[in-house]
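Here the structure comes first, spelled out in structure tokens, and everything after it is commentary.
The chains referred to below are lettered A, B, ... by the order of the sequence lines, with proteins before strands, and numbering in each begins at 1. The shown structure was predicted, so the numbers you read here are calculated from the model rather than taken from an experiment.
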Amino acid sequence: MSRMSLIDLSESEEGVVEYVAGGRGLTMRLISLGIVPGVKVKVVRRGPVGGPILLKVNTSEVAIGRGMAARIYVTPVRREG
Amino acid sequence: MKLALAGQPNVGKSVIFHRLTGLGVIISNYPGTTVDITRGVTHFRGQRVEIIDLPGTYSLEATSIDQEVAIRVLLEEKPDVIINIVDATNLERNLYLTLQILELGIPAVIALNQMDRARKLGIEINVELLERKLGVPVVPTVATKGIGIGKVAEMALKAVRSERTEFKVRYDSHIEDRISKLTERLKGSRKRPPIPLRTIAVQLLGNNRVIAEKCEDGVVELANQLSNRIQEMHNEPTEVHIARDRYGQAGIISKGVTTEKAVKVPLLERLGEITSQPVIGLLSVFLVLAIIYFAVFILGGLLEGLITTGYQTYVTPTLVNLVSHYGLSGLIESILLEGINTGILSALAIIVPYILTFYLVIGLLEDTGLLARLAFLLDGVMHNIGLHGRAIIPMLLGCGCNVPAILSTRTLGSGKARLLTAVLISLAVPCSAQTAVILGLLG
């Protein structure tokens with residue numbers, strides 16, 4: 001399945017993180033939040049008025065800005081049924 | 001003896017710190033930064049224990065100023081033992097820091113905190129198995145209720161005398177090759193930080209600048225060459241590669257010791273989910289804000305009445321008696337009765353009730369986690385005025401009193417955001433005393 005930016009996932013959709021298009025700072029910051037390539041993330045909620053995106057990473061919820069989210073590429077996980 | 005507390009943000013580290021130290025605490029900024037280091041002294045089993053509370057960080061890689069301070073303090077102050085506070089509801093992410101702490105080779109004890117909440121969420125952790133996998137004592141705790149804290153302290157004292165466990169994170173073979181090369185080179189080098197050579201090598205490959213500045217230039221140069229080589233082979237920064245391996249290991253450990261069962265999610269957790277929906281969320285936020293205001297005015301007004309009545313029945317007559325007893329008159333009489341008497345009364349009656357109530361309500365609100373939701377919901381709106389959603393919290397506090405509100409702006413990321421928020425608060429957010437005056441004038 002093709003890669004897409006995390007920002008294009010709708011609410012309650014899931015994706016596996018492929019890579020982060022960003023420099024060292026952004027990558028390391030995301031790593032410290034548990035957003036590492038290979039990890040499954042779920043979009044819990046998209047904030048109103050261009051607000052942040054609330055993600056579920058493992059057991060915790062993390063809110064990240066749209067700018068950051070746009071630079072995270074994921075392979076969407078489609079659930080059948 | 002020196003003890004350091006380390007943990008990720010929001011794991012209950014400061015609660016444990018205060019449980020351990022009582023109130024003999026000194027807060028200082030690390031020289032040249034605004035990162036807080038809290039220190040305290042306590043006596044345990046006849047031993048004087050100095051406790052250093054490191055800034056809450058997700059890792060020790062020195063990619064941000066607080067991480068830099070954390071690793072620097074660990075290297076320079078050489079604590080005898082580290083208590084690593086781990087959030088049981090979020091084991092995998094927390095273990096990422098734990099693995100780095102264990103790699104430092106300093107004796108450590110793990111406080112597995114928020115066990116009560118984990119249980120409520122259906123997360124069971126096999127503590128003994130975790131102990132065996134990490135090779136250090138693990139103590140389940142509930143910091144807010146003081147459960148397990150005594151045992152953590154006891155285990156920490158014991159850990160100082162125990163043998164150091166050589167904990168190793170296994171990395172990808174390409175990285176392991178470079179680690180061995182660098183370790184060989186480090187053996188011949190005298191200038192190096194007091195941690196295992198292997199760990200120095202890993203951190204150098206990951207471009208940790210604090211570690212690099214404590215090593216010989218030649219070593220750092222070699223590390224950079226090796227690191228670039230790995231980067232070329234994998235087409236991603238070496239530190240990302242290392243981080244992923246470490247994360248992988250944290251994940252394996254965490255999955256091995258955790259069993260999750262489906263439970264009915266507690267009301268408060270579900271409330272969080274409901275209130276992050278845009279429409280319901282914003283409505284509930286406005287509802288809550290309205291309740292805060294009414295609570296402040298009704299409760300505050302009630303308190304004001306009580307204070308005024310109490311003051312006028314007990315204090316004013318005493319003053320009047322005093323004045324007539326000593327036969328004071330003229331200027332002194334008017335200073336005492338009109339100046340001091342009315343002055344103190346208005347200070348007590350206007351400021352105390354409203355500010356007290358306001359902080360009571362905000363305190364309750366903080367515990368529910370609704371403030372974080374508010375920051376999330378309003379982030380988009382706040383971005384329009386160049387601020388982060390988090391800036392809403394100081395602004396809300398400003399409705400109570402501007403002074404603590406401006407103090408709390410230090411939690412915001414950048415200097416620009418702090419300045420902007422502080423200016424906005426002082427110009428545009430009326431504090432409760434101002435609001436009282438405004439309402440008085442308008443009403």
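Between atom CZ of residue B:Arg93 and atom CD1 of residue A:Ile35 there is a gap of 9.0 Å, rounded to the nearest 0.5 Å. Here the CG-CG distance, from A:Leu54 to B:Leu377, works out to 9.5 Å after rounding to the nearest 0.5 Å. Remark: B:Glu61 CD to A:Arg29 CZ distance equals 13.5 Å, nearest 0.5 Å. If you take CG on A:Leu30 and OH on B:Tyr58, they are separated by 11.5 Å, rounding to the nearest 0.5 Å.
For the residue pair B:Gly380 and A:Pro52, the shortest heavy atom distance occurs at N-CD, 4.4 Å. For the pair A:Gly34 and B:Tyr247, the tightest heavy-atom approach, listed with the atom from each and the gap, is CA-OH, 3.0 Å.
Looking only at heavy-atom pairs under 4.5 Å with chain A, the residue among B:His383, B:Met382, B:Arg244, B:His388 that has the most is B:Arg244. Put simply, of A:Val39, A:Leu33, A:Val57, A:Ile31, the one with the most heavy-atom pairs under 4.5 Å next to chain B is A:Ile31. The residue among B:Asn207, B:Thr57, B:Asp87, B:Thr89 with the most heavy atom pairs within less than 4.5 Å of chain A is B:Asn207.
In B:Asn10, the CG atom is not crowded: 12 or fewer heavy atoms of neighbouring residues, nucleotides or ligands sit closer than 6.0 Å.
Interface remark: A:Val62 contributes side-chain atoms only to the contact with chain B (heavy atom separation under 4.5 Å). With a 4.5 Å cut-off on non-hydrogen atoms, B:Glu92 touches chain A through its side chain but not through its backbone. Heavy-atom distances place no part of B:Asn384 under 4.5 Å from chain A, backbone and side chain included.
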